[in-house]
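When a ligand or atom number is given, it counts from 1 through the structure's own listing order. Side chains included, hydrogens not; waters and symmetry mates left out as well; all remaining heavy atoms used.
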Amino acid sequence: MKNIKKAIIPAAGLGTRFLPVTKAMPKEMLPIVDKPTIEYIVEEAIDSGIEDIIIVTGKGKRAIEDHFDNSFELEETLIRKEKFELLEKIKKSAEVEIHYIRQKEALGLGHAIWCARKFIGDEPFAVLLGDDIIHSEKPGLSQLISEYEKNRASIIGVKYVPSEETHRYGIIDYKEKSGRKFLVKNFVEKPEQGTAPSNMAIIGRYILTPQIFDFLGKQKKGAGGEIQLTDAIQELNKIQSVYAYEIDGARYDVGEKLGFIQTTIELALTRDDLREPLTKYLYELLSNIEKMHVK
Ligand code: G1P
């Protein structure tokens, strides 16, 4: 089997959890400090050796294409003003080929992945979901690729979540665990509260063999009335071993408001230009919080 060089980033969701800001702006373009969330994902893919990315978009997502397009005027201006650091920042994504395809109906994550089947062809590939940002020394996807290369079977990134959160995720039920790696028995999408087979949740990083498309093409609607990627992986697991791997690093859920705010603060604290003033501000804020009368 070939190495992992292609990745799918689904970005067709409506972003209803962030209305009204997502009425005219894709949720993938919401900034964490000074970069759109989707750029963190694209950078993780680049740093993991991905050469081609296909972004599955939908209506109202044009800003994503504009963002990753060359901006000749802006580049010229930055060169003229000798702002080479800023130039560097806007050019990182040029290290990868980005392609686009539209999901014409919002039928779910599984269907969005299926829309990219012709681009992937007959080779194993990666999927990165935009709601999960991973901050780690070795990029999250790169950790999965290293594991994939050991036995060339599909492998899904997971992380521990507390029991009261399992109903929000795809959850694994595993047969064996060795270090960070699990041999998976079952994948369950969004189990009802109290019924999850474990606390290990899928966190939006996948390496899949192309056989997944055979199942996605005939997958029936699952949780939430949508065609679920997790259900197709469960079918794939019946004909090929599928593994899970506990990714090392901090994982941020930018798909919901509190997680988005936490991510913004924590990632700002990792930055040399912001750490000191932000820490000072947070201390002052916390020591005055009881005196504040915010309604
Ligand atoms: C999707 C997947 C789910 C996974 C989650 C991670 O759900 O279907 O299995 O645990 O992403 O973020 P969504 O958040 O799109 O509902």
Side-chain angles (χ1 to χ4, degrees), residues 7-18 22 26-28 30 32 37-38 40-41 44 55-58 61 103 106-116 126-135 140-141 144 154-174 182 184 186-193 195-208 212 215-216 219-237 242-247 249-260 262-263:
I8 305 176
I9 301 179
L14 297 176
T16 46
R17 275 182 229 164
F18 283 87
T22 47
K27 73 168 180 176
E28 296 77 11
L30 297 181
I32 306 271
T37 56
I38 194 165
Y40 287 87
I41 309 295
E44 182 185 327
I55 301 182
V56 185
T57 65
K61 301 283 182 167
Q103 183 186 22
L107 295 176
L109 175 62
H111 178 257
I113 302 302
W114 185 75
C115 289
V127 174
L128 300 99
L129 304 188
D131 284 350
D132 301 280
I133 290 186
I134 296 167
H135 189 70
L141 183 66
L144 276 193
S154 298
I155 184 157
I156 320 296
V158 292
K159 264 221 171 292
Y160 176 91
V161 297
S163 299
E164 57 279 15
E165 288 178 21
T166 48
H167 66 283
R168 289 174 34 205
Y169 296 95
I171 302 289
I172 61 162
D173 180 9
Y174 54 89
F182 302 84
V184 181
N186 289 304
F187 291 86
V188 192
E189 179 66 10
K190 304 202 172 74
E192 276 179 34
Q193 208 129 23
T195 66
S198 80
N199 288 71
M200 300 311 292
I202 297 175
I203 55 152
R205 298 291 182 276
Y206 310 73
I207 303 289
L208 296 165
I212 191 73
F215 298 104
L216 284 172
Q219 196 59 54
K220 297 206 170 71
K221 288 179 181 168
E226 296 191 341
I227 297 173
Q228 295 290 352
L229 177 59
T230 307
D231 295 343
I233 295 173
Q234 167 67 4
E235 293 302 314
L236 179 70
N237 196 26
V242 179
Y243 293 84
Y245 183 78
E246 188 179 2
I247 292 181
R251 174 239 164 202
Y252 299 104
D253 183 356
V254 294
E256 49 103 26
K257 276 175 248 188
L258 181 61
F260 189 87
Q262 287 166 337
T263 313

Which of the numbered atoms in ligand 1 are under 4.0 angstrom from any heavy atom belonging to [X]?
{"X": "D132", "result": "6 (C), 12 (O)"}
{"X": "Q228", "result": "8 (O)"}
{"X": "T230", "result": "9 (O)"}
{"X": "Y169", "result": "10 (O)"}

> How are the rings of Y252 and H135 set relative to one another: parallel (under 30°), tilted (30 to 60°) or perpendicular (over 60°)?
Replying inline: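 Y252 and H135: tilted rings.
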> Which protein heavy atom lies closest to atom 8 (O) of ligand 1, and at what distance to 0.1 Å?
Replying inline: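 Protein heavy atom with the smallest distance to atom 8 (O) of ligand 1: E189 OE2, 2.7 Å.
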> Please state which protein non-hydrogen atom is closest to atom 1 (C) of ligand 1 and give its distance, to 0.1 Å?
Replying inline: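 Nearest protein contact, heavy atoms only, for atom 1 (C) of ligand 1 is L129 CD1, 3.9 Å.
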> Any luck finding a side-chain donor-acceptor pair between N199 and S163 under 3.5 Å?
Replying inline: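 On atom types as modelled, these side chains qualify, holding a pair under 3.5 Å.
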>> Set out, in order, the CA-CA distance, both residues' side-chain angles and the distance that settles side chain to side chain contact (heavy atoms under 4.5 Å, CB included) for L229 and Y206, then state yes or no.
In response: CA-CA 10 Å; L229 177 59; Y206 310 73; 3.6 Å; yes
>> Please give me the minimum heavy-atom distance between A232 and L216, naming the atom from each residue.
In response: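 Closest heavy-atom pair between A232 and L216: CB-CD2, 3.5 Å.
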Taking distance alone, with N or O pairs closer than 3.5 Å, would you say [X] contacts ligand 1?
{"X": "Y206", "value": "no"}
{"X": "G170", "value": "yes"}
{"X": "D131", "value": "no"}
{"X": "R251", "value": "no"}
{"X": "K190", "value": "yes"}

> Does a side-chain N-to-carboxylate-O contact under 4.0 Å join K159 and D132?
Replying inline: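 The answer is no: the pair does not qualify as a salt bridge.
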> Under 3.5 Å, is there a donor-acceptor pair between the side chain of Q193 and the main chain of E164?
Replying inline: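 Yes; judged by distance alone, with no hydrogens or angles, the pair exists.
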> So, does S198 use its side chain to make a donor-acceptor pair with the main chain of I172 at under 3.5 Å?
Replying inline: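 Side chain of S198 to backbone of I172: a pair is present.
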> What distance separates F182 CZ from Y243 OH, expressed to the nearest 0.5 Å?
Replying inline: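 These two atoms lie 13.5 Å from each other.
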> Quick one: which of I202, L229, I233, D253 has a heavy atom closest to atom 6 (C) of ligand 1?
Replying inline: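 Nearest heavy atom to atom 6 (C) of ligand 1 lies in I202.
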>> Walk me through whether K220 and D231 qualify under salt bridge (Lys or Arg N to Asp or Glu O under 4.0 Å).
In response: CA-CA 9 Å; K220 297 206 170 71; D231 295 343; over 6 Å; no
> Hey, is atom 15 (O) of ligand 1 under 4.0 Å from any protein heavy atom?
Replying inline: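 Given the 4.0 Å limit, the answer for atom 15 (O) of ligand 1 is no, no protein heavy atom qualifies.
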